[in-house]
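We use all heavy atoms of the structure for the numbers below, so side chains are in, but hydrogens, waters and symmetry mates are not.
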Amino acid sequence: MRWIVLTLMVMGSLAVQAADTGSPEKNIRQSIELIAPDLEVTRIRPADVDGLYEVVLGTEVIYMTPDGRYMLRGELLDLENQTNMTQSVRAQMRQKLLADLPRDEMIRFSNGKSDHVIYVFTDIDCGYCRKLHQDVPSLVEQGVEVRYLAYPRAGLESDTFHEMESVWCSADRKSALTQAKQGKKIETKPCDNPVAAQYEIGRKMGIRGTPAIYLENGRSLPGYVPPEELLAILNGDG
């Protein structure tokens with residue numbers, strides 16, 4: 001919805017046209033600030049196509065002309081090398097964002113000698129989140145470390161949000177998360193916790209549903225993935 005509103009504003013407002021300062025970065029920043037001042041501009045640089053600039057907003061990517069007047073949102077494909085350039089940039093941004101997150105704020109399932117790591121934004125109520133959690137022991141046994149982050153789909157004022165806070169505040173988070181995913185009642189425990197912050201990070205990454213799985217390289221695997229398929233992807237066969 002935000003992108004629909006943003007696009008309509010760009011198309012419908014003649015006042016958006018910023019003065020050409022001679023600096024593409026200044027022009028682009030000025031145009032974005034005029035139409036959506038709350039959007040965080042992460043990076044601006046020349047795109048791989050002459051005449052366009054790559055603009056990163058969080059983990060989203062758009063393209064703009066140097067004067068800041070025209071905006072293009074879509075996938076930039078390199079047909080010669082058969083690569084999705086836009087997708088690659090998104091993955092890079094996700095990779096950095098995930099790597100910067102404190103590990104001790106995640107709920108981690110590992111055998112201590114993992115070959116692969118996956119990040120999973122999870123809800124405790126969704127059916128496929130529970131199905132994935134049933135696969136976790138098998139994944140861990142086969143060398144996959146699962147790092148859970150909280151994403152209560154109903155929002156920050158929901159019952160699920162407060163339940164997930166209690167999970168993260170439990171002395172044994174892994175046990176509490178497992179019980180919550182089994183539909184069991186978790187003892188209410190208030191504490192300083194990262195649930196709201198992780199939810200906001202998930203929104204920044206554009207999560208629309210759970211489970212949302214990310215690989216260490218930033219690749220996104222939206223939705224539930226069966227263990228065999230997930231392992232094949234992690235081993236480079238999928």
Side-chain angles (χ1 to χ4, degrees), residues 1-7 10 24-25 28-29 31-32 35-36 39-66 68 70-101 106 115-123 128-129 132 139 144-149 151 153 198-238:
M1 182 61 70
R2 162 174 268 184
W3 281 111
I4 294 174
V5 173
L6 176 57
T7 302
V10 173
E25 181 169 347
I28 290 168
R29 285 187 183 277
S31 289
I32 292 174
I35 58 176
L39 281 181
E40 176 188 353
V41 180
T42 306
R43 186 177 76 194
I44 299 174
R45 69 179 186 184
D48 292 316
V49 174
D50 291 341
L52 288 178
Y53 273 73
E54 174 190 285
V55 184
V56 180
L57 308 170
T59 59
E60 188 53 77
V61 185
I62 60 173
Y63 301 93
M64 295 185 71
T65 52
Y70 296 99
M71 180 187 76
L72 173 66
R73 181 173 181 250
E75 306 296 305
L76 181 60
L77 306 178
D78 183 337
L79 299 182
E80 181 177 340
N81 295 316
Q82 297 185 13
T83 57
N84 185 322
M85 307 299 291
T86 306
Q87 195 174 79
S88 296
V89 174
R90 289 195 197 105
Q92 292 170 15
M93 296 298 104
R94 295 186 193 120
Q95 182 180 30
K96 183 179 185 309
L97 194 59
L98 292 169
D100 289 343
L101 294 176
M106 307 174 194
D115 299 317
H116 305 288
V117 172
I118 61 171
Y119 297 87
V120 181
F121 283 85
T122 190
D123 189 293
Y128 279 109
C129 295
L132 175 61
L139 290 170
V144 180
E145 178 178 331
V146 180
R147 298 179 180 176
Y148 275 120
L149 297 107
Y151 194 81
R153 295 170 302 163
Q198 291 179 0
Y199 175 79
E200 291 302 331
I201 289 168
R203 289 187 61 191
K204 184 176 182 179
M205 293 177 67
I207 291 176
R208 295 293 179 265
T210 53
I213 304 171
Y214 295 92
L215 309 188
E216 284 188 284
N217 63 6
R219 179 178 174 183
S220 171
L221 305 176
Y224 172 77
V225 181
E228 299 80 9
E229 183 179 339
L230 180 55
L231 285 165
I233 292 171
L234 291 169
N235 290 320
D237 300 324

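Between Cys129 and Pro211 the shortest heavy-atom distance is SG-N, 3.6 Å. Taking every heavy atom of both residues into account, Gly74 and Tyr63 meet most closely at O-CE1, 3.7 Å. For Leu234 against His116, the heavy-atom pair with the smallest separation is O-CE1, 3.1 Å. The minimum heavy-atom distance between Gln95 and Glu216, with the atom names listed, is CG-O, 3.2 Å. Taking each heavy atom of Ser31 and Gly68 in turn, the nearest pair found is OG-O, 2.7 Å. Pairing each heavy atom of Gly218 with each of Arg94, the nearest pair is O-NH1, 3.2 Å.
Side-chain contact check for Leu57 versus Val41: some heavy-atom pair is nearer than 4.5 Å. With a 4.5 Å cut-off on side-chain heavy atoms, Val56 and Gln92 do not count as touching. Considering only heavy atoms from C-beta on, Leu215 comes within 4.5 Å of Ile118 through its side chain. Thr122 has its side chain out of reach of Thr210: every pair of non-hydrogen atoms, C-beta onward, lies at least 4.5 Å apart. Between Ile32 and Val55, the closest side-chain pair of non-hydrogen atoms falls below 4.5 Å.
Thr59 places a side-chain N or O within donor-acceptor distance of the main-chain N or O of Lys204, the cut-off being under 3.5 Å. Between the side chain of Asp123 and the backbone N or O of Arg153 there is at least one donor-acceptor pair closer than 3.5 Å. A donor-acceptor pair is defined here as one N or O able to donate and one able to accept, closer than 3.5 Å; such a pair exists between the side chain of Arg208 and the backbone of Gly206. With hydrogens and angles ignored, the 3.5 Å screen pairs a side-chain donor or acceptor of Thr65 with a backbone N or O of Tyr70.
Rounding to the nearest 0.5 Å gives a distance of 11.5 Å between CD1 of Ile62 and OG1 of Thr86. Taking CD1 from Ile213 and CZ from Phe121, the interatomic distance works out to 12.0 Å, rounded to the nearest 0.5 Å. To the nearest 0.5 angstrom, Met64 atom CE is 6.0 Å from Ile28 atom CD1. To the nearest 0.5 angstrom, Thr83 atom OG1 is 8.0 Å from Leu77 atom CG. For the atom pair CG (Leu101) and CG (Leu149), the distance works out to 6.0 Å, reported to the nearest 0.5 Å. Note that CG of Asn235 is 8.0 Å distant from CG of Asp115, once rounded to the nearest 0.5 Å.
Exactly one of Glu25, Glu60, Glu54 qualifies for a salt bridge (charged side-chain N to carboxylate O under 4.0 Å, His left out) with Arg43. That residue is Glu54.
Within 6.0 Å of CZ on Arg203 lie no more than 12 heavy atoms contributed by other residues, nucleotides or ligands. Atom OH of Tyr128 is surrounded by 12 or fewer heavy atoms from other residues, nucleotides or ligands within 6.0 Å.
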Open item on the list: I'd like to know whether Glu75 forms a salt bridge (charged side-chain N to carboxylate O under 4.0 Å, His left out) with Arg90, so could you lay out the CA-CA distance, the side-chain angles of the two residues, the decisive distance to 0.1 Å, and finally the verdict.
Closed with: CA-CA 11 Å; Glu75 306 296 305; Arg90 289 195 197 105; 2.7 Å; yes
- [ ] Show your working on side-chain contact (heavy atoms from CB on, under 4.5 Å) between Val49 and Met85 and close with a plain yes or no.
- [x] CA-CA 11 Å; Val49 174; Met85 307 299 291; over 6 Å; no
